[in-house]
**Student:** 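Provided herewith is a single structure, encoded as structure tokens, for subsequent inquiry.
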Amino acid sequence: MAVPYNHTEIENKWNAYWKEHPINTDESKEKYYCLDMFPYPSGNGLHVGHWRGYVISDAWSRYKLMQGYHVIHPMGWDAFGSPAENYAIKTGRHPAVTTAENVAHIKEQISQISDLYDWDREVNTTDPSFYKWTQWIFVQMFKKGLAYEKEMPINWCPSCQTGISNEDVVGGRCERCGSPVTKRNMRQWMLKITAYADRLLDDLQLLDWPEKVIKMQSDWIGRSYGAEVEFHVDGMDEVLTVYTTRPDTLYGATFMVMAPELKLAGELATPEQREAVDAYIEATSMRSSVDRMQDKEKTGVFTGRYAVNPLNGKKIPIWLSDYVLSDYGTGVIMCVPAHDERDFDFAKKFGLEIIPVISPDGEEHELTEAYIGTGKVINSGDWNGMDSDDLKQKAPHILEEKGIGRKQKNFKLRDWVFARQRYWGEPIPIVHCEKCGCVAVPEDQLPVLLPDVESYQPTGTGESPLAAIEDWVNTTCPQCGGPAKRETNTMPQWAGSSWYYLRYVDPHNDEALVDREIADKYLPVDMYIGGVEHAVLHLLYSRFYTKFLYDIGVVDFQEPFKKLFNQGMITGENGIKMSKSKGNVISPDDLIRDYGCDSLRMYELFVGPPEQESAWNDRGIDGVRRYLSRFWTLACDSIEADVARTPEMEKLIHKMTYDITNRFDGFYLNTVISGFMEYNNKFIDLAKKTGGIDKETIGTMCLMLAPFAPHICAEIWERLGHDDCIYDHAWPTYDESKLADDLVEIAVQVNGKTRSVIEISAEASKDEAIAAAKDAVASRLTGTIVKEIYVPGKIVNIVVKG
RNA sequence: GCGGGCGUGGCGGAAUGGCAGACGCAUCAGACUCAAAAUCUGACGUAGUUUCUACGUGCGGGUUCAAGUCCCGCCGCCCGCACCA
């Protein structure tokens, strides 16, 4: 009898062995880059939910290794950001110190998952040798005019006390802390991501990404096509330009609405309306975005002014309303209540005119709601009778010919608010000189080191804590040598993560962000694994960075991540997200001790479909542990018995290889694990008859299990008499001809209901199969047989009438 | 409101249009044991007249020889967007 499966002994042995004898060292092979989204090293450590993505990528990496690739599988730390800083504020300990402690702890935890990580490639975004290049990229963007300073109203998180980007606002709240976001006018560094809007949208089709993420990015970028139209303000020397996607409805414009935030909004008011307009502007400025989002009841005020419809000279009133966004298009819209739901609501509420200009049947009807469909153009002068779709295409050109408008496209995407008024981030490498203005820090002076500061506390004034360090702030202009001040804002946490994947392939390079030849060899990333929460944050930003780096010749590809996989979250038993405050965090440490790393790795995959959210079940891991234990016993007994291979064994291992390979390729990882269990049961049954399974078959099972349970497989592999590394062996292949059984079970149905199951030869003809089937269900074939269906290997269905 | 996804035993889940419930958890019974744990063997959708039959994949229709799977209409849950003109 075999000794029982002792996971602790086996795992300690092989962990020590692999430390001395790393696998995956042959760099002459073709590369495969499998990347995890790098973690933020928090003080809480990892829980079993964090493991899931890492186990998926590790198993996939090992699979690729066995398919003959040199696998790039690095790990690093996204270590700038508010939790470390908040901790520093609370305890007075420097974030660099606490970050280093956290990195050490999490590195140890991650090392428990796998011995495959290549720690020579480790990167840390807070390391000056890393953020030197984060700053370098900013300087290049500045030089190309893609980084610019601007004073404008931006999103402000009152809790983090910093400006944040559009992408950082999720449902009107700060992505980091959940506080409702307000607006604040302030000086900002912006990145012109909108210059890449078309490319970011169009190149999505090159990507093997989940459709959901493609859709989210595509909606976020939000391209639309339409026209700009110019309206003169009656009695003022002022032109209002609007953007519309429906220039075909221009004759139906019965009023205009301007966003109350625009400077012009106040200036338009007539003396009679002055008071009401000022009150409205004041009132809307007080509303938070959460408030504005929840309450969609239209509000507004008439300015007293009229604009002139450039097509027919009709005077239409100009209103202010906060349903018009100040930062999209021109902040002013022409309103066609007959054909736009929002304009319809507004017109109904304030009693404004509604003129239909499109009708499905060419007749004018009383409208109870906006008609947003297509049809024949009516009430529109010489446009009458046209097809509205056709007109929609032609109208911009007509407007252009008349000199009152032009074709235009627009994006929902806004430029990236890139400055943070916080301490723990990369200093923006800019110097403000009275004479020269904004000057980039020369590249040979990078990195601009983050100085020590007495108080990490955000000031709340819109100034960074760095502003208080006078001897750091005061400097000389790199251009004219005159007195100058350093930029005191820091970069958002997304800065380092936007390009970190590049650095892994050349992490120690002092001369360049990445050596071009090395980049060409190892990049881009073939498989990227992480949570879906970064769909329009990190994943959008890093695509933008990559395209920019392509444009300036740093890399030779335009998309960083060829394939993306989003693993589902693992929640507590009741489906509630694991968190320290809810007390439902499951730590992997005890589980490794009690069940072993191999069992935990396999249960992480078995718990549910990898892309789906799954609830942790504490007892579920028992099943996986039992499976490994049974496999261990089967293997050890078989090694001892050393029986010869039988045709049944051969057939079964080919079937197993076929099933496991297909499921693995399809990323159906939970069914890969259930497949191992299922086949193991079958082999145990077989072994009962034959006294054991031949060693070659056990070896094949080991090879397939090795990506999932590395330690137990290495041990059995050694006990099988091999003295080489299991991962140097190719993933097993199967022989199609060995998959088919001689006899197959066929379900026999009468009128679609299964009445019997027969066993026939796999080679049986249709006639033979149907004859055998009829025999089996003879007593039920009382009427006329109207149809006979035979699906080889599956089913016979006999349709009887009467 | 719009868009996307999902709905299968007590639970997690499995099923290229072809025997629904693989695999596992839990439960029950048996073996081993003084006993328990572990392990092994077996049962395990519901109902009934229990070697058999009927019903059964959120609800109602439809297509098909055959539907968890495809189509139409509902209901429920989850996610994303949220006045982008």
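Naming: A, B, ... by sequence-line order, numbering from 1 per chain.
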**Student:** Quick one: does any side-chain atom of D598(A) pair with a main-chain N or O of I712(A) as donor and acceptor, under 3.5 Å?
**Tutor:**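 At least one qualifying donor-acceptor pair exists.
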**Student:** Give RNA chain B the dot-bracket treatment, 5' to 3': Watson-Crick (N1-N3 with N6-O4 or O6-N4) or G-U (N1-O2, O6-N3) under 3.5 Å, [ ] crossing, | other strand.
**Tutor:** (((((((..(((.....[....))).(((((.......))))).((((...))))..(((((..]....))))))))))))....
**Student:** Tell me whether the rings of F667(A) and F565(A) are parallel (<30°), tilted (30 to 60°) or perpendicular (>60°).
**Tutor:**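 F667(A) vs F565(A) ring planes: tilted.
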**Student:** Mind calculating the distance between CG (N617(A)) and P (rC25(B)) to the nearest angstrom?
**Tutor:**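 Taking CG of N617(A) and P of rC25(B), I get 10 Å after rounding.
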**Student:** Compare side-chain N and O positions of K794(A) against OP1 and OP2 of rG18(B) and report whether any pair is under 4.0 Å apart.
**Tutor:**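 Answer no for this pair, as no side-chain N or O of K794(A) is under 4.0 Å from OP1 or OP2.
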**Student:** Using atom CD1 of I798(A) as one end and atom C1' of rC65(B) as the other, report the distance to the nearest whole Å.
**Tutor:**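 Those two atoms, CD1 and C1', are 11 Å apart.
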**Student:** Between rG21(B) and rA15(B), how far apart are the C1' atoms? Round to whole Å, please.
**Tutor:**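 My reading of the C1' atoms in rA15(B) and rG21(B) gives 9 Å.
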**Student:** Under 4.0 Å, heavy atoms only, any strand: does D340(A) hit a base, just the sugar-phosphate, or nothing?
**Tutor:**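 It contacts nothing in the nucleic acid.
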**Student:** Counting only side-chain N and O atoms of N670(A), is one of them less than 4.0 Å from OP1 or OP2 of rC23(B)?
**Tutor:**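 For rC23(B), neither OP1 nor OP2 has a side-chain N or O of N670(A) closer than 4.0 Å.
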**Student:** What is the per-nucleotide protein-contact pattern of nucleotides 39-56 of chain B, from the 5' end, where B denotes a base atom under 4.0 Å from a protein heavy atom, S denotes such proximity for sugar-phosphate atoms only, and - denotes neither?
**Tutor:** SSS-----------SSS-
**Student:** For R173(A) and rC81(B), what is the distance between atoms CZ and C1' respectively, to the nearest whole Å?
**Tutor:**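 So the two atoms are 16 Å apart, to the nearest Å.
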**Student:** rA85(B) phosphate, OP1 or OP2: any side-chain N/O from Y328(A) under 4.0 angstrom?
**Tutor:**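 Yes, within the criterion.
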**Student:** Quick one: which of V672(A), L605(A), N670(A) gives a side-chain contact (heavy atoms from CB on, under 4.5 Å) with P610(A)?
**Tutor:**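 For P610(A), the side-chain contact (heavy atoms from CB on, under 4.5 Å) test succeeds with only one of V672(A), L605(A), N670(A), which is N670(A).
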**Student:** With sugar-phosphate meaning primed atoms plus P, OP1 and OP2, does D345(A) contact a base, only sugar-phosphate, or nothing at under 4.0 Å between heavy atoms?
**Tutor:**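 D345(A): no heavy atom of the nucleic acid under 4.0 Å.
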**Student:** Kindly give the heavy-atom pair with the smallest separation between Y371(A) and H339(A), and that separation in Å.
**Tutor:**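 Scanning both residues completely, I find the closest heavy atoms to be O-ND1, 2.7 Å.
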**Student:** How many Å lie between OH on Y679(A) and P on rC23(B), as a whole number?
**Tutor:**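 Between P of rC23(B) and OH of Y679(A): 12 Å.
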**Student:** Counting the atoms with a prime plus P, OP1 and OP2 as sugar-phosphate, which does E745(A) contact under 4.0 Å by heavy atoms, base, sugar-phosphate, or nothing?
**Tutor:**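 Contact class for E745(A): base.
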**Student:** For I333(A) and rC83(B), give me the distance from atom CD1 to atom C1', rounded to whole Å.
**Tutor:**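 Taking CD1 of I333(A) and C1' of rC83(B), I get 9 Å after rounding.
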**Student:** Taking atom types as they are modelled, would you say the side chain of E788(A) forms a donor-acceptor pair with the base of rC65(B) within the 3.5 Å cutoff?
**Tutor:**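 Answer is no: no donor-acceptor pair is held.
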**Student:** Atom CG of L537(A) to atom P of rG80(B): distance rounded to whole Å?
**Tutor:**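 Atom CG in L537(A) sits about 12 Å away from atom P in rG80(B).
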**Student:** Which glycosidic conformation, syn or anti, is assigned to rU50(B) if syn requires a torsion within 90° of zero?
**Tutor:**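 Here the answer is syn: the torsion falls within 90° of 0.
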**Student:** Between Y225(A) and A747(A), who's closer to the 5' end of RNA chain B by nearest nucleotide?
**Tutor:**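 In this pair, the answer is A747(A).
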**Student:** Could you tell me the separation between the OH atom of Y790(A) and the C1' atom of rC65(B), rounded to a whole number of Å?
**Tutor:**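 That distance rounds to 16 Å.
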**Student:** Provide, to the nearest angstrom, the distance between the CG atom belonging to N566(A) and the C1' atom belonging to rG5(B).
**Tutor:**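 So the CG-C1' distance, N566(A) to rG5(B), works out to 14 Å.
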**Student:** Establish, with yes or no, whether the OP1 or OP2 oxygen of rG13(B) is under 4.0 angstrom from a side-chain nitrogen or oxygen of Q612(A).
**Tutor:**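 Yes, Q612(A) has a side-chain N/O under 4.0 Å of OP1/OP2 on rG13(B).
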**Student:** Heavy atoms only, 4.0 Å cut-off, all strands: where does Y627(A) land among base, sugar-phosphate and nothing?
**Tutor:**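 Result for Y627(A) = nothing.
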**Student:** Which class fits the ring pair Y658(A) and Y734(A): parallel under 30°, tilted 30 to 60°, perpendicular over 60°?
**Tutor:**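 It falls in the perpendicular class, over 60°.
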**Student:** Going by a 90° cut-off around 0, is rG9(B) syn or anti?
**Tutor:**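 Syn conformation here, the glycosidic angle of rG9(B) being no more than 90° from 0.
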**Student:** For atom CD of E759(A), is the number of surrounding heavy atoms from other residues, nucleotides or ligands below 6.0 Å larger than 12?
**Tutor:**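 Enclosed.
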**Student:** When rounded to the nearest Å, what value does the distance between C1' atoms of rC6(B) and rG12(B) take?
**Tutor:**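 After rounding to an integer number of Å, I get 16 Å for this pair.
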**Student:** Hey, what's the ring geometry for Y323(A) with F346(A), parallel, tilted or perpendicular (30° and 60° as the breaks)?
**Tutor:**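 Tilted.
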**Student:** Classify S614(A) by what it touches in the nucleic acid, base, sugar-phosphate, or nothing, heavy-atom distance under 4.0 Å.
**Tutor:**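 Here S614(A) touches no strand at all.
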**Student:** Examine rU16(B): is either OP1 or OP2 under 4.0 Å from a nitrogen or oxygen in the side chain of N662(A)? Give yes or no.
**Tutor:**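 So the side chain of N662(A) is outside the cut-off, no N or O lying under 4.0 Å from OP1 or OP2 of rU16(B).
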**Student:** Want to settle it: does G608(A) or G623(A) sit nearer the 5' end of RNA chain B, counting the closest nucleotide to each?
**Tutor:**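 Between the two, 5'-proximity favours G608(A).
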**Student:** Would you call E230(A)-R406(A) a salt bridge at under 4.0 Å N-O?
**Tutor:**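 Yes.
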**Student:** Check nucleotides 77-79 of chain B against the protein and report each pair of N or O atoms closer than 3.5 Å, with its distance, or say if there are none.
**Tutor:**
{"from": "rC79(B)", "atom 1": "O2'", "to": "K212(A)", "atom 2": "NZ", "distance (Å)": "3.0"}

**Student:** Please measure how far the C1' atom in rA22(B) lies from the corresponding atom in rG45(B), and state the result in whole Å.
**Tutor:**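 Rounded to whole Å, the distance is 15 Å.
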**Student:** Give me the atom names and distance for the closest heavy-atom approach of P356(A) to L367(A).
**Tutor:**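 Closest approach of P356(A) to L367(A): CB-CD1, 4.1 Å.
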**Student:** Under 4.0 angstrom, heavy atoms only, what part of the nucleic acid is T754(A) near: base, sugar-phosphate, or nothing?
**Tutor:**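 It contacts sugar-phosphate atoms only.
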**Student:** Shortest non-hydrogen contact from T671(A) to R663(A)?
**Tutor:**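 Minimum heavy-atom contact is O-NH1, 2.8 Å.
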**Student:** Which value, in whole Å, describes the distance between the C1' atoms of nucleotides rG10(B) and rU27(B)?
**Tutor:**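 Going atom to atom, C1' in each nucleotide, I get 9 Å.
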